[in-house]
Amino acid sequence: MNRIYGSTATLYREDGEEYKVRVRYEPGSRVSLEDIRNIQVTTATGAKVRVSDLGTVEETEMLPTIERKDRQRVVTVTGTLADGIAMSDGVEKGQEFISRMELPNAVYAQVAGSYEQMMDTMVDLGTLFVLIVLLVFIVMAAQFESMTYPFIIILAIPFALVGILAALVLTGTNLNIMSMMGGIMLAGIVVKNGIVLIDYTQLMRERGKGYIQAAVTAGRSRLRPVLMTTLTTVLGMVPMAIGTGVGAEMWRPLGLSVIGGLSVGTLMTLIYVPTMFCLFGASSIKKNRRKLREQRELNEYYLAHKDKMVRDRMSKKIED
């Protein structure tokens, strides 16, 4: 059988990759039954004997192998993408080809294999991203004892997602599982800068400063720590983003997504978080002032009509 299907004779190594060297008869020598009968087999003594001298070679029919998936018969057609072609492009071409096929009734074609697994993985990663955001929000709400500040910080995550997409578009990189993993990592990293700003701004508020003055002081004081933590992470991802070694094409989207998302997320956090803090603070001040004004008006009304209310109450008692 190794004359037809081949046997591995040795391994060929090049650039760290290993390739099996398979030895078998050339295609023209293994086509017909006569070719198979004339295949020579070496005996233990070194003599060469034809297969037809050892037995009878006949062509017979046998039951086909039936494959099933979800209790339905399937026929699998496999293919390998050429170098430099993304899976999404290959799937798009395949779907165009399938759409032009005239399939009989009760027969349909769909893309499966690695693409199906990738889509399932992306759905799982999307669910994981939502759970991470919810857990981060719950932890911040418990620490700040407020729903406003966690809401402000969480809204900085979309800016990081914009940075991821921008980095992938500028470098011509496709969105894949590794870049989505980078987005999940940033869900916990980007909020860190917002937590630092909000915490110090609250401290300035407790020391008696106004909202704008507290935001400016916190931004000036926390700018260096925020930039230091961001630059250390970004520079640490640069070798991964520009690597050219074996497996670099797999890790490059992760590095690019972290660099782009963290850079844009940090820049927007330094502008967005203090601005939203002041806006929510101004809204809170207006609400408190409205409550105080209503209370003052109620007190003034009570003082203005106090004597009349007392007289009415006394007269009611006398009548009783």
Side-chain angles (χ1 to χ4, degrees), residues 16 81 83-89 114 118-119 121-137 139-140 150 152-200 218-276:
L81 295 174
D83 294 337
I85 299 179
M87 183 178 295
S88 58
D89 297 334
S114 300
M118 184 182 70
M119 297 304 296
T121 303
M122 285 188 173
V123 173
D124 295 338
L125 290 177
T127 305
L128 180 61
F129 179 80
V130 174
L131 291 176
I132 289 175
V133 171
L134 289 177
L135 290 175
V136 170
F137 183 86
V139 171
M140 289 191 298
I152 295 174
I153 298 173
I154 285 295
L155 287 182
I157 295 180
F159 296 113
L161 300 181
V162 172
I164 293 175
L165 296 178
L168 295 179
V169 170
L170 291 177
T171 57
T173 306
N174 295 314
L175 179 66
N176 55 18
I177 295 176
M178 299 305 294
S179 56
M180 292 185 66
M181 290 181 62
I184 293 176
M185 291 172 54
L186 291 178
I189 298 176
V190 172
V191 299
K192 171 178 58 63
N193 298 327
I195 293 173
V196 171
L197 288 174
I198 291 293
D199 183 69
Y200 199 82
R220 185 186 298 114
S221 177
R222 300 291 95 184
L223 178 62
R224 185 168 62 178
V226 169
L227 292 180
M228 288 176 61
T229 55
T230 300
L231 288 176
T232 52
T233 306
V234 169
L235 294 178
M237 288 292 175
V238 169
M240 183 183 296
I242 64 176
T244 57
V246 178
E249 64 277 1
M250 180 180 68
W251 297 105
R252 188 178 298 115
L254 176 61
L256 291 174
S257 61
V258 173
I259 291 175
L262 189 58
S263 300
V264 176
T266 300
L267 178 62
M268 296 305 300
T269 298
L270 293 173
I271 302 173
Y272 159 78
V273 171
T275 303
M276 293 301 294

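Excluded from the calculations below are hydrogen atoms, water molecules and symmetry mates; all remaining heavy atoms, backbone and side chain alike, are included.
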*Where do Val162 and Met268 land on the side chain to side chain contact (heavy atoms under 4.5 Å, CB included) test, with the steps shown first?*
CA-CA 11 Å; Val162 172; Met268 296 305 300; over 6 Å; no

*Dump the intermediate steps for side chain to side chain contact (heavy atoms under 4.5 Å, CB included) on Met185 and Leu254, then the final yes or no.*
CA-CA 10 Å; Met185 291 172 54; Leu254 176 61; 3.9 Å; yes

Considering all heavy atoms, the nearest [X]-[Y] contact:
{"X": "Gly255", "Y": "Met240", "result": "N-SD, 3.8 Å"}
{"X": "Ile259", "Y": "Ala241", "result": "CD1-CB, 3.8 Å"}
{"X": "Ala156", "Y": "Thr269", "result": "CB-OG1, 3.8 Å"}
{"X": "Pro158", "Y": "Ile154", "result": "CD-O, 3.7 Å"}
{"X": "Gly236", "Y": "Pro239", "result": "O-CD, 3.6 Å"}
{"X": "Ser257", "Y": "Gly182", "result": "OG-CA, 3.5 Å"}

*Under 3.5 Å: donor-acceptor pair, side chain of Tyr272, backbone of Ile152*: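 Flag set: sc Tyr272 to bb Ile152 pair under 3.5 Å.
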
*Can any side-chain N or O of Ser221 pair as donor or acceptor with the backbone N or O of Ala218 at less than 3.5 Å?*
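Side chain of Ser221 to backbone of Ala218, a donor-acceptor pair under 3.5 Å: no, none is there.
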
Value rounded to 0.5 Å, distance of [atom1] in [X] from [atom2] in [Y]:
{"X": "Leu223", "Y": "Leu270", "atom1": "CG", "atom2": "CG", "answer": "6.0 Å"}
{"X": "Leu125", "Y": "Met178", "atom1": "CG", "atom2": "CE", "answer": "10.0 Å"}
{"X": "Thr266", "Y": "Phe159", "atom1": "OG1", "atom2": "CZ", "answer": "12.5 Å"}
{"X": "Leu186", "Y": "Lys192", "atom1": "CG", "atom2": "NZ", "answer": "11.0 Å"}
{"X": "Leu161", "Y": "Leu165", "atom1": "CG", "atom2": "CG", "answer": "7.0 Å"}

_The test is side chain to side chain contact (heavy atoms under 4.5 Å, CB included); show your working for Ile164 and Leu168 and say whether it passes._
CA-CA 6 Å; Ile164 293 175; Leu168 295 179; 4.1 Å; yes

*Taking the side chain as every heavy atom from C-beta outward, state whether Val139 and Leu135 have any atom pair closer than 4.5 Å.*
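Not touching, per the 4.5 Å side-chain cut-off.
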
_Met181, CE: over 12 other non-hydrogen atoms inside 6.0 angstrom_ =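 No, because the 6.0 Å sphere around CE of Met181 holds 12 heavy atoms or fewer from other groups.
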
*Walk me through it: do Ile157 and Phe129 pass the test side chain to side chain contact (heavy atoms under 4.5 Å, CB included)?*
CA-CA 11 Å; Ile157 295 180; Phe129 179 80; 3.8 Å; yes

_Residue that, paired with Thr230, satisfies side-chain contact (heavy atoms from CB on, under 4.5 Å) out of Val234, Thr232, Leu227, Thr233_ =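 So, applying the side-chain contact (heavy atoms from CB on, under 4.5 Å) to Thr230 and each of Val234, Thr232, Leu227, Thr233, only Val234 qualifies.
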
